[in-house]
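I have placed the structure first, in the form of structure tokens, so that the comments after it can refer back to it.
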Amino acid sequence: MRIARNLFLILLAILLLPYLLAPLYRVGHPVSTLMAWRWLRGESVSRPWVDFAAISPALPRAVIGAEDAKFCSHHGIDWGAVHEVIDNAEEGEVVRGGSTITQQVAKNLFLWPGRSVVRKALEFPLALWIDLVLGKQRILEIYLNIAELGPSGQFGAQAGATYAFGHPAANLAPREAALLAAILPNPHRRSARNPSPGVRRLAGVYMARAQSSGLQQCWSENRAF
């Protein structure tokens, strides 16, 4: 009985730890579980942190256009996208997941990659909590500094921009920002440095979305941006 109770308390502590840590990430330079895993395996990691204000505005706009069009209006979960994914799954269609940027921050900071019902169950309430305690700009700042943006351990906007274009994230042009957004699903198979026709087409779509009236309104209504 005592062993079962101790195991329960250990499991509860593990589950609660992200909720205790998340408010502390209002400041500092957090790292992702993938970055930590690469370090432990002795693999290269390049992640020079860059503050949100020092990133070209073209990049967060392109990333929102690519990854999470309702980022400014939802509270961590895009329930419409979730319902769409469920409907498509019931019809046998395999589509890209409906994870928001906030969910990806929750996964990258505290959970593990890959598709898993258990991970999703942990990710949903954690994303709601992160949206509440961190705010939109900080969530974007963290995401743009922990997202994998290169094929050999380049993480974050600064490393990704330097690797792909040879200059810092502050100098990203809209087209370059859109190319980085286009490789976010898999920077090992997609390249912003030597983009394929498919990546270039996606970049064109994301650049147009970044300039759309809906995203411009989102930007103007959120003074943090």
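These figures come from a predicted structure and were not determined experimentally.
Aromatic ring pairs are classed by plane angle as parallel below 30°, tilted from 30° to 60° and perpendicular above 60°; the pair Phe110 and Tyr25 is parallel. Ring geometry for Phe71 against His74 counts as perpendicular: the plane angle is over 60°, on a 0 to 90° scale with 30° as the lower cut.
Taking CG from Asp68 and OH from Tyr143, the interatomic distance works out to 9.0 Å, rounded to the nearest 0.5 Å. Note that CD1 of Ile146 is 8.0 Å distant from OG1 of Thr33, once rounded to the nearest 0.5 Å. In this structure, CG in Leu128 is found 10.5 Å from CD in Glu123, a value given to the nearest 0.5 Å. To the nearest 0.5 Å, the span separating OG on Ser32 from CG on Leu111 amounts to 12.0 Å. The distance from atom CD of Glu148 to atom CD1 of Ile183, rounded to the nearest 0.5 Å, is 9.0 Å. Within the model, atoms CG of Asn194 and CG of Leu179 stand 11.0 Å from one another, a figure rounded to the nearest 0.5 Å.
Asp131 and Trp129 share no side-chain donor-acceptor pair at under 3.5 Å. When only modelled atom types and interatomic distance are considered, Gln104 and Glu67 share a side-chain donor-acceptor pair under 3.5 Å.
Distance alone, capped at 3.5 Å, is enough to place a donor-acceptor pair between the Asn186 side chain and the His188 backbone. Here the side chain of Arg38 pairs a donor or acceptor atom with the backbone of Ser44 at under 3.5 angstrom.
The 12-atom threshold is not exceeded at CZ of Arg189, counting heavy atoms of other residues, nucleotides or ligands nearer than 6.0 Å. Atom NZ of Lys120 is surrounded by more than 12 heavy atoms from other residues, nucleotides or ligands within 6.0 Å. Annotation for Arg200: atom CZ counts as buried by contact number, over 12 foreign heavy atoms lying within 6.0 Å. No more than 12 heavy-atom neighbours from other residues, nucleotides or ligands sit within 6.0 angstrom of NE2 on His75.
Cluster membership for Leu24 and Ile130, using ILVMFWY side-chain heavy atoms within less than 4.5 angstrom, is shared. When hydrophobic clusters are built by joining Ile, Leu, Val, Met, Phe, Trp and Tyr residues whose side-chain heavy atoms come closer than 4.5 Å, directly or via intermediates, Ile142 is grouped together with Tyr19. One hydrophobic cluster, built from ILVMFWY side chains closer than 4.5 Å, cannot hold both Leu126 and Val117; they sit in different ones.
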Walk me through it: do Val63 and Leu144 pass the test side-chain contact (heavy atoms from CB on, under 4.5 Å)? CA-CA 9 Å; Val63 167; Leu144 293 174; 3.9 Å; yes
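The ring of Phe124 has its center closer than 6.0 angstrom to the ring center of Trp79.
Taking the ring centre of Tyr163 as origin, the terminal cationic atom of Arg193 falls inside the region bounded by 6.0 Å and 45° from the ring axis.
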